[in-house]
**Student:** 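Dropping the structure in here first, questions after.
In what follows, chains are A, B, ... by sequence order, proteins preceding strands, each numbered from 1. The figures here come from the full heavy-atom set of this structure, side chains too, leaving out hydrogens, waters and symmetry mates.
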Amino acid sequence: QKEVEQNSGPLSVPEGAIASLNCTYSDRGSQSFFWYRQYSGKSPELIMFIYSNGDKEDGRFTAQLNKASQYVSLLIRDSQPSDSATYLCAVNILTNNAGNMLTFGGGTRLMVKP
Amino acid sequence: NAGVTQTPKFQVLKTGQSMTLQCAQDMNHNSMYWYRQDPGMGLRLIYYSASEGTTDKGEVPNGYNVSRLNKREFSLRLESAAPSQTSVYFCASSEDRETGELFFGEGSRLTVL
């Protein structure tokens with residue numbers, strides 16, 4: 001069983017709609033959760049992080065975390081064609097070693113149609 | 001700001017050949033990482049270095065070796081390339097464990113024939 005699961009998509013939404021991206025993880029020791037965006041042929045970039053249950057909002061983006069259900073989601077409001085990309089969910093298990101050992105999901109491809 | 005620089009960006013190898021991917025960061029980060037990305041598999045950690053002088057295995061270390069040459073540079077070596085190592089390789093660095101922000105290089109596309 002993969003440790004971080006995402007639907008590969010593509011998820012297609014019309015411009016202006018809300019895009020909802022979901023992610024589940026298997027390790028209950030996971031402490032912090034991240035969403036990275038990756039445009040085709042480019043490297044990933046961080047857009048949100050969350051480590052407390054509940055919602056965290058940043059502009060058009062909202063991350064939601066439910067540790068009891070081992071579920072994290074990303075909502076994108078007022079979706080724009082420029083949001084079309086692959087969204088990678090990542091999970092960090094803090095260990096005694098320094099550094100961010102992130103485990104990534106396979107990514108969900110989002111397509112926003114004008 | 002250069003950020004994280006990887007070389008080469010593209011490479012074609014024959015099975016059994018060796019090569020080294022170079023990575024350098026100019027952000028004074030302690031931690032550096034090598035990931036590989038295959039279609040539908042997301043990013044998988046090969047090796048990481050939490051600080052200068054230390055390296056540790058990640059999820060998929062077999063067939064690879066690394067060297068943390070100094071704080072800036074972290075190289076990945078394939079001693080005897082195999083077709084299964086055809087992938088896009090990303091080097092990354094980070095400083096802040098709380099935010100989990102990894103800064104990635106542009107990637108190196110490796111094809112092993």
**Student:** With a 3.5 Å distance limit and no angle check, can you tell me whether Y36(A) reaches the backbone of L102(B) through a side-chain donor-acceptor pair?
**Tutor:** yes
**Student:** How long is the gap from OG on S94(B) to CG on L46(A), to the nearest 0.5 Å?
**Tutor:** 11.0 Å
**Student:** What I'd like to find out is whether the side chain of F90(B) reaches to under 4.5 Å of the side chain of P44(A), using heavy atoms alone.
**Tutor:** yes
**Student:** Same cluster for V88(B) and Y33(B) if Ile/Leu/Val/Met/Phe/Trp/Tyr side chains link at under 4.5 Å?
**Tutor:** yes
**Student:** Answer with yes or no whether the hydrophobic clustering places Y35(B) together with L110(B); edges join I, L, V, M, F, W, Y residues whose side-chain heavy atoms lie under 4.5 Å apart.
**Tutor:** no
**Student:** Please report the interatomic distance CG(L45(B)) to OG1(T103(A)), rounded to the nearest 0.5 Å.
**Tutor:** 8.0 Å
**Student:** Sort E45(A) into side chain, backbone, both or neither according to what part of it lies under 4.5 angstrom from a heavy atom of chain B.
**Tutor:** neither
**Student:** Output the distance between atom CD (Q37(B)) and atom CG (L88(A)), rounded to the nearest 0.5 Å.
**Tutor:** 6.5 Å
**Student:** If you count the non-hydrogen atoms of other residues, nucleotides and ligands that lie under 6.0 Å from CD in E106(B), is the total more than 12?
**Tutor:** no
**Student:** Do V60(B) and V66(B) belong to the same hydrophobic cluster, where Ile, Leu, Val, Met, Phe, Trp and Tyr are linked whenever their side-chain heavy atoms lie under 4.5 Å apart, directly or via other members?
**Tutor:** yes
**Student:** Under 4.5 Å between side-chain heavy atoms, counting indirect links through other Ile/Leu/Val/Met/Phe/Trp/Tyr residues: same cluster for L78(B) and F74(B) or not?
**Tutor:** yes
**Student:** Do L13(B) and I46(B) land in one hydrophobic cluster if side-chain heavy atoms of ILVMFWY residues count as linked below 4.5 Å?
**Tutor:** yes
**Student:** Looking at S43(A) and G105(B), what are the two nearest heavy atoms and their distance?
**Tutor:** CB-O, 3.0 Å
